[in-house]
K.L.:
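What follows is a single structure, and I will ask about it in a moment.
One-based numbering, in listed order, for ligands and for the atoms of each.
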Amino acid sequence: MYTDQIIYSKLPRHIAIIMDGNGRWAKEKGKPRVFGHKSGVTAVREVTEAAAELGIEYLTLYAFSTENWSRPTFEVNALMTLLVETVKQELATLNKNNIRLKAIGDLSGLPKKTRETLLQGIEMTAQNTRMTLVLALNYSSRWEIVEAAKKMALDVSEGNLNIDAVNADVFSGYLNTKDIPDPELMIRTSGEHRISNYLLWQAAYAELYFTSVLWPDFRKEHFYQAIIDFQNRERRFGKTSEQVSERNLEN
Ligand code: IPE
Ligand code: IPE
Ligand code: MG
């Protein structure tokens with residue numbers, strides 16, 4: 001089993017995933033794209049369970065980007081409905097497993113029913129402490145950064161914030177992810193090698209992991225593989241390899 005190779009003391013606290021390839025998965029099977037989205041829920045369940053079992057603290061899933069509104073109306077509506085159904089259906093399991101639900105993105109732009117179900121899910125799991133499952137919905141990193149800059153400018157203009165006190169930490173506090181540590185590992189499925197406006201600020205030092213597996217086929221084993229790959233990398237943060245290697249702890 002892959003879990004034998006996982007070093008539990010070196011787990012990332014936060015893993016972010018770009019769940020991609022639902023449409024192609026369905027097409028391969030001669031089915032409509034929406035069938036791929038529905039099948040992707042199984043992968044969401046698998047990964048959430050695997051992350052919680054391992055002891056990952058935060059799992060952020062890119063479920064709908066602001067750019068995704070430009071898809072055909074039928075597909076957008078199906079995704080919004082699927083979200084409502086999934087949140088309702090999984091609520092008991094989330095509570096049973098002590099998992100807290102959160103969301104990032106412009107929730108005000110979601111259809112009323114989707115937003116209300118989501119907010120209800122967030123409220124009903126708010127006391128859970130084992131893991132936080134963050135859904136990125138109507139999310140765009142540039143939107144989030146612009147919003148943060150606007151809020152910060154307002155605080156400065158109203159005299160609530162001294163501009164000389166602004167640094168990266170202060171700025172982070174204005175983002176949707178303010179209480180969430182930066183992701184150390186970012187996974188994208190389906191063989192695409194891009195970030196697509198996801199957590200641009202937060203992923204400044206994330207290790208990127210790309211797999212050709214299409215999202216509906218993604219299982220616990222694939223998730224473990226990504227973590228093992230992550231654990232075999234040397235994260236240097238600008239230093240030299242000698243400085244960060246265990247043989248030179250004094251540096
Ligand atoms: C990811 O799968 C799901 C969403 C973006 C909502 P896609 O729907 O992007 O699948 P492909 O990329 O067309 O195969
Ligand atoms: C990114 O996937 C957004 C989500 C996974 C929700 P897309 O399939 O929309 O990304 P692009 O447009 O191909 O980059
Ligand atoms: Mg895609």
K.L.:
Do Phe237 and Tyr205 have their ring centres less than 6.0 Å from each other?
P.N.:
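When the ring centroids of Phe237 and Tyr205 are compared, they turn out to be within the sub-6.0 Å range.
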K.L.:
List of N/O pairs, ligand 2 versus protein, all under 3.5 Å?
P.N.:
| unit_1 | atom_1 | unit_2 | atom_2 | d |
| --- | --- | --- | --- | --- |
| ligand 2 | 8 (O) | Asp20 | OD1 | 3.1 |
| ligand 2 | 8 (O) | Arg71 | NH2 | 3.3 |
| ligand 2 | 9 (O) | Asn68 | ND2 | 2.9 |
| ligand 2 | 9 (O) | Arg71 | NH2 | 3.2 |
| ligand 2 | 10 (O) | Arg188 | NH2 | 3.2 |
| ligand 2 | 13 (O) | Arg194 | NH2 | 2.7 |
| ligand 2 | 14 (O) | Arg194 | NE | 2.7 |
| ligand 2 | 14 (O) | Ser196 | OG | 2.6 |

K.L.:
Is the Phe218 ring parallel, tilted or perpendicular to the Phe223 ring (thresholds 30°, 60°)?
P.N.:
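Ring orientation, 0 to 90° scale: perpendicular.
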K.L.:
List the atom pairs, donor and acceptor, that lie under 3.5 Å between side-chain atoms in residues 49-56 and the rest of the protein, sequence neighbours left out.
P.N.:
| unit_1 | atom_1 | unit_2 | atom_2 | d |
| --- | --- | --- | --- | --- |
| Glu49 | OE2 | Lys220 | NZ | 2.8 |
| Glu53 | OE1 | Lys220 | NZ | 3.2 |
| Glu53 | OE2 | Lys220 | NZ | 3.3 |

K.L.:
Using a 6.0 Å cut-off, check whether atom CE of Met124 has over 12 heavy atoms from anything other than its own residue.
P.N.:
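12 or below, so no.
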K.L.:
Around the Mg ion (ligand 3), list the protein N/O/S atoms within a radius below 2.8 Å, excluding water molecules.
P.N.:
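Listed by chain and number: Asp20 OD1.
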K.L.:
Just grab all the side chain to side chain donor-acceptor pair (under 3.5 Å) pairs involving residues 121-138, residues at least two apart or on different chains.
P.N.:
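Every side chain to side chain donor-acceptor pair (under 3.5 Å) pair that includes a residue of residues 121-138, provided the two are not neighbours, is Thr66-Asn138, Trp69-Asn138, Asn95-Asn128, Asn98-Thr129, Arg100-Thr132.
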K.L.:
To the nearest 0.5 Å, tell me how far Leu200 CG sits from Leu175 CG.
P.N.:
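Between atom CG of Leu200 and atom CG of Leu175 there are 10.5 Å.
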K.L.:
Count the heavy atoms of every other residue, nucleotide or ligand shown that sit under 6.0 Å from CZ of Arg142, and state whether that count exceeds 12.
P.N.:
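No, because the 6.0 Å sphere around CZ of Arg142 holds 12 heavy atoms or fewer from other groups.
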K.L.:
Can you say whether the rings of Trp201 and Phe171 are parallel (under 30°), tilted (30 to 60°) or perpendicular (over 60°)?
P.N.:
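Rings of Trp201 and Phe171: tilted, as their planes differ by 30° to 60°.
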K.L.:
Around atom NZ of Lys27, are there more than 12 heavy atoms from other residues, nucleotides or ligands closer than 6.0 Å?
P.N.:
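Counting other residues, nucleotides and ligands, NZ of Lys27 stays at 12 neighbours or fewer.
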